[in-house]
Asks: 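I'd like to ask some things about the structure below.
Values reported hereafter were calculated over all heavy atoms of this structure, with side chains retained and with hydrogens, waters and symmetry mates removed.
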Amino acid sequence: MNLLSINNLSKIGREQPLFTGVTFGLDAGQKAALIGKNGTGKSTLLNTIAGVLQPDNGTVVLNKEAGISFLPQNPLYNQNDTIKDHIFKSDSAKLKIIREYEDLCHAMEKGLTDGQQHRYQELVDTIEKKDLWNYESQISSILTTLGITDMTRTMGSLSGGMIKKVALAQVLVEDTKLLLLDEPTNHLDIKTIKWLQDYLASTDRSLLMVTHDRYFLDNVCTNIYELANGSIKLYQGNYSEYLEKKEIENQIAQNTDRRIESVLRFERDWLMRGPCARGTKAKARIQHDQELMAHEKFKTDKKFSFEVQERRLGGKVLVIDNISKNYPKGYAAQNAGNTTPVIKDFSYEFTKGQKIGIFGNNGSGKSTLLNIITGAIKPDTGTITVGENTSFAYYQQNPVFKDTSLTVLEYIKEAAENITRNDGKTLSAPRFLEEFGFEGKIQYSPVSTLSGGERKRLFLVRLLIANPNFIILDEPTNDFDIFTMNILEDFLMQFKGCLLIVSHDRYFMDKVADTLFILEEDGTISGFVGKCSEYIDYLEAKERQELLDSKAQKAKEHQEEKTVQSANTTAQAQDSSKPKKLSFKEQKEFEQLEIDIEKLENRKSELDAVMANPDTDFSKIGDISKEYDEINKTLEEKYARWEELA
């Protein structure tokens with residue numbers, strides 16, 4: 001079943017059309033990604049499909065039965081809305097039923113009015129009739145997995161990572177068949193990204209997304225749409241298959257150019273001899289030659305490179321001595337004024353050439369550690385000693401441009417008019433910008449007109465002009481296109497200075513970091529020698545082993561219990577003919593057991609009556625059954641002890 005049809009879609013950009021004549025569609029169950037360089041219009045296309053922007057030409061046709069859920073790159077929200085308000089802000093009839101049901105369940109703690117009780121029963125019947133219990137369970141599972149537990153918090157009180165999680169939850173719980181996701185992995189920690197990857201790969205909902213996460217593209221997508229030169233092209237398969245097909249396509253295009261050039265050399269000689277143009281065959285041949293000459297030659301992507309002159313590192317690079325930092329951790333702690341260690345008693349001495357990644361959940365203190373190292377904030381205890389020749393370049397998550405009215409060229413010239421590279425070659429600021437992919441009119445465009453990825457690339461260019469020897473990157477992959485990521489990876493792999501990096505992009509981390517700092521929940525920082533994906537495999541293997549160990553321990557305890565019971569039974573049989581007098585303590589225990597057993601049996605009878613009553617609230621059956629099972633288990637234990645003492 002076709003869910004989405006895009007017909008001849010066009011949108012004008014800042015200087016020229018972003019894309020024209022875009023036509024494609026999505027069928028039920030298809031999972032596609034949209035890739036392309038920063039500024040080619042990927043986010044604009046998604047916003048146009050979602051109805052946020054109007055196209056300059058063409059149509060977007062959505063299957064009425066499908067419904068569409070859109071996650072923008074920067075989620076919009078009302079600061080005063082609670083998390084529950086934001087997540088359930090939907091026209092979905094099913095979601096409205098679930099929300100009203102959840103509200104009444106919450107109100108039960110204070111007691112329901114007769115009207116509320118009647119409405120509650122109506123909702124239970126509706127959920128039963130529409131088979132929504134599974135849907136409600138899925139919603140609860142998504143919220144729990146994303147760490148969304150306190151639904152009463154306001155959106156304005158959340159961190160950037162938490163806002164992204166809430167916005168993602170809103171999209172995932174909606175009752176729609178088509179998901180549009182713009183950079184869904186931005187601001188999420190690596191564990192959550194892995195969960196989202198598995199969820200999207202297994203769901204039967206259709207998907208069109210923009211992402212730079214190459215592991216994500218490989219494991220989720222079945223189609224890749226490339227947006228380039230104002231048009232779109234489909235490549236069937238995942239990202240790895242796209243790369244293979246793209247390489248073959250490029251080779252074919254280059255071979256075609258060579259064949260045409262070979263033919264044209266011969267034809268030019270013929271044309272230079274001035275053939276008679278009156279004959280039909282001669283006219284056709286001349287026209288064919290003109291078409292060959294008008295053929296647009298294959299153009300390889302210009303490979304700009306992050307290359308600057310490196311500054312020499314000294315013997316002492318950076319020494320961290322026993323630093324600690326406490327913060328209110330979590331909403332409850334902030335309200336109570338309590339603090340907890342985010343970083344505790346951490347010491348480390350950096351040496352030349354080390355490339356270290358930082359791994360931890362959102363809120364674990366990754367950015368805090370970087371800010372302490374660069375002096376942006378002070379530790380509560382401990383010291384940071386920076387070597388005399390150490391020069392930092394600190395790329396922050398959200399680069400701040402003091403004056404976005406400056407042109408791209410003016411922004412770079414503020415730092416340097418000329419730049420010297422490693423090979424000794426000196427480049428002017430305009431030429432240097434061309435090396436980084438800022439060509440032509442874009443150099444004279446205000447910074448405010450750049451896309452998110454272009455701004456961040458420009459910020460990185462300015463940082464590198466200072467010739468750093470210690471680069472610190474805090475989430476550099478957000479908003480960068482895959483092509484820029486590949487170039488940045490090549491630069492960092494060749495970089496001879498020190499590198500400290502925070503990133504949620506597993507592929508990127510695998511390429512550039514060979515050691516990890518692991519930020520634990522108690523504030524301590526441990527080390528792991530190996531790649532990010534190796535550490536994730538280690539964690540998953542550890543969880544599997546812990547689960548196996550837990551099952552084995554329970555089996556062992558059960559076997560030991562059976563052995564003890566068997567021994568007790570044998571001993572009782574042997575001693576049955578020998579009367580034994582109870583001690584004072586045992587006598588007291590025996591009397592108390594009789595009292596306890598009577599109370600438990602009475603409570604059990606009460607629960608029997610409640611469960612047999614047809615008017616009992618359906619929602620309470622689960623709790624009642626749980627209590628009933630616990631009573632049976634307790635009675636078994638007390639009966640056994642009573643018989644032993646008797």
Side-chain angles (χ1 to χ4, degrees), residues 146-150 153 157-165 185-194 318-350 354-386 392 394-399 470-478 498-506 508-509 512-513 515-529 532 535-536 538-539:
L146 291 174
I148 301 171
T149 53
D150 186 356
R153 290 184 62 183
S157 70
L158 305 180
S159 65
M162 199 62 188
I163 287 171
K164 189 75 173 191
K165 284 186 177 182
T185 63
N186 280 4
H187 307 294
L188 298 182
D189 56 65
I190 291 176
K191 288 182 181 178
T192 306
I193 290 172
K194 180 65 166 62
L318 176 69
V319 179
I320 301 174
D321 186 21
N322 203 37
I323 63 169
S324 295
K325 187 68 181 178
N326 295 325
Y327 274 135
K329 196 170 185 180
Y331 186 65
Q334 290 178 26
N335 288 341
N338 299 325
T339 62
T340 190
V342 177
I343 298 171
K344 185 169 67 176
D345 304 329
F346 177 57
S347 297
Y348 193 81
E349 183 172 351
F350 286 84
Q354 286 189 314
K355 295 175 180 177
I356 300 174
I358 301 178
F359 187 99
N361 295 330
N362 285 343
S364 60
K366 300 187 292 294
S367 295
T368 298
L369 176 60
L370 299 186
N371 283 323
I372 289 175
I373 289 173
T374 55
I377 60 176
K378 294 187 179 298
D380 294 335
T381 62
T383 59
I384 302 287
T385 305
V386 180
F392 290 119
Y394 183 22
Y395 179 94
Q396 295 168 294
Q397 276 193 51
N398 300 300
F470 197 126
I471 297 177
I472 297 177
L473 303 174
D474 191 358
E475 295 291 4
T477 61
N478 287 350
C498 283
L499 173 66
L500 192 58
I501 181 169
V502 171
S503 176
H504 62 266
D505 190 315
R506 296 158 293 170
F508 180 72
M509 288 276 274
V512 302
T515 304
L516 299 177
F517 285 160
I518 312 298
L519 275 63
E520 310 288 358
E521 290 184 0
D522 62 356
T524 58
I525 299 177
S526 57
F528 180 85
V529 179
C532 177
Y535 181 68
I536 294 173
Y538 160 75
L539 287 179

Asks: Got a sec, which residues hit side-chain hydrogen bond (donor to acceptor under 3.5 Å, both in side chains) with Q354, two or more places apart in sequence or on another chain?
Replies: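 Only Y348 meet the side-chain hydrogen bond (donor to acceptor under 3.5 Å, both in side chains) criterion with Q354.
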
Asks: If you compare all heavy atoms of I323 against all heavy atoms of I343, which two are closest, and at what distance to 0.1 Å?
Replies: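 What the structure gives for the nearest pair is O-CG2, 3.9 Å.
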
Asks: Measure across P476 and F508 and return the closest heavy-atom pair with its distance rounded to 0.1 Å.
Replies: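 Nearest heavy atoms, P476 then F508: CG-CE2, 3.9 Å.
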
Asks: For I372 and P379, work out which heavy atoms get closest and say how close.
Replies: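 Closest pair (atom of I372, atom of P379, distance): CG2-CD, 4.0 Å.
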
Asks: So do I501 and M509 actually touch side chain to side chain, heavy atoms under 4.5 Å?
Replies: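 Counting from C-beta outward, M509 and I501 do come under 4.5 Å.
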
Asks: Is there a side-chain contact between Y394 and I373, using heavy atoms and a 4.5 Å cut-off?
Replies: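 A side-chain contact under 4.5 Å is absent here.
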
Asks: With side chains defined as the heavy atoms from C-beta onward, is the minimum distance between I536 and K191 less than 4.5 Å?
Replies: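 Not in contact.
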
Asks: Tell me, with the steps shown, if K366 and D474 meet side chain to side chain contact (heavy atoms under 4.5 Å, CB included).
Replies: CA-CA 8 Å; K366 300 187 292 294; D474 191 358; 5.8 Å; no

Asks: Can you see which heavy atom on D380 is nearest to which on N326, and at what distance?
Replies: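 Heavy atoms of D380 and N326 come nearest at OD2-N, 2.7 Å.
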
Asks: So do E475 and N186 actually touch side chain to side chain, heavy atoms under 4.5 Å?
Replies: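 Of all side-chain heavy-atom pairs linking E475 with N186, none is under 4.5 Å.
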
Asks: Who are the side-chain hydrogen bond (donor to acceptor under 3.5 Å, both in side chains) partners of D321, not counting sequence neighbours?
Replies: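 Result, side-chain hydrogen bond (donor to acceptor under 3.5 Å, both in side chains) vs D321: none returned.
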
Asks: Test side chain to side chain contact (heavy atoms under 4.5 Å, CB included) on H504 and T477; report intermediate values, then the result.
Replies: CA-CA 8 Å; H504 62 266; T477 61; 3.7 Å; yes

Asks: Do I525 and L369 have side-chain heavy atoms sitting under 4.5 Å apart?
Replies: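 Touching, per the 4.5 Å side-chain cut-off.
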
Asks: Donor-acceptor pair, S324 side chain versus K344 backbone, under 3.5 Å?
Replies: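 A pair under 3.5 Å: no.
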
Asks: After noting the C-alpha distance and the side-chain angles of F359 and L539, does the key distance pass the side chain to side chain contact (heavy atoms under 4.5 Å, CB included) rule?
Replies: CA-CA 12 Å; F359 187 99; L539 287 179; 4.2 Å; yes

Asks: Rounded at 0.5 Å granularity, tell me how far CD1 in I356 sits from CZ in F517.
Replies: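 It comes to 4.0 Å.
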
Asks: Please examine the side chains of F350 and F470, heavy atoms only from C-beta on, and report whether any two atoms are closer than 4.5 Å.
Replies: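 Sidechains of F350 and F470: in contact.
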
Asks: Between the side chains of D189 and K165, is the shortest nitrogen-to-carboxylate-oxygen separation below 4.0 Å, so that they form an ion pair?
Replies: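 So K165 pairs with D189 through a salt bridge.
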
Asks: Between L370 and L473, what is the shortest heavy-atom contact and its length?
Replies: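 Smallest interatomic distance, heavy atoms only, reads CD1-O, 4.2 Å.
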
Asks: Considering non-hydrogen atoms only, spot the tightest contact between I190 and C532 and give its length.
Replies: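 Taking every non-hydrogen atom into account, CD1-SG, 3.5 Å.
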
Asks: Given 3.5 Å as the limit, does a donor-acceptor pair link the side chain of K325 with the main chain of K378, or not?
Replies: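 Flag set: sc K325 to bb K378 pair under 3.5 Å.
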
Asks: Nearest 0.5 angstrom please: I358 CD1 to L500 CG, how far?
Replies: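 Going from the CD1 atom of I358 to the CG atom of L500 covers 4.0 Å.
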
Asks: Nearest 0.5 angstrom please: K194 NZ to L188 CG, how far?
Replies: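 Reported to 0.5 Å precision, the distance equals 14.5 Å.
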
Asks: Judged by modelled atom types alone, do D522 and T524 share a side-chain donor-acceptor pair under 3.5 Å?
Replies: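 Yes.
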
Asks: To the nearest 0.5 Å, what is the distance between CD1 on I193 and CG on D505?
Replies: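 Interatomic distance, I193 CD1 to D505 CG, rounded to 0.5 Å: 7.5 Å.
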
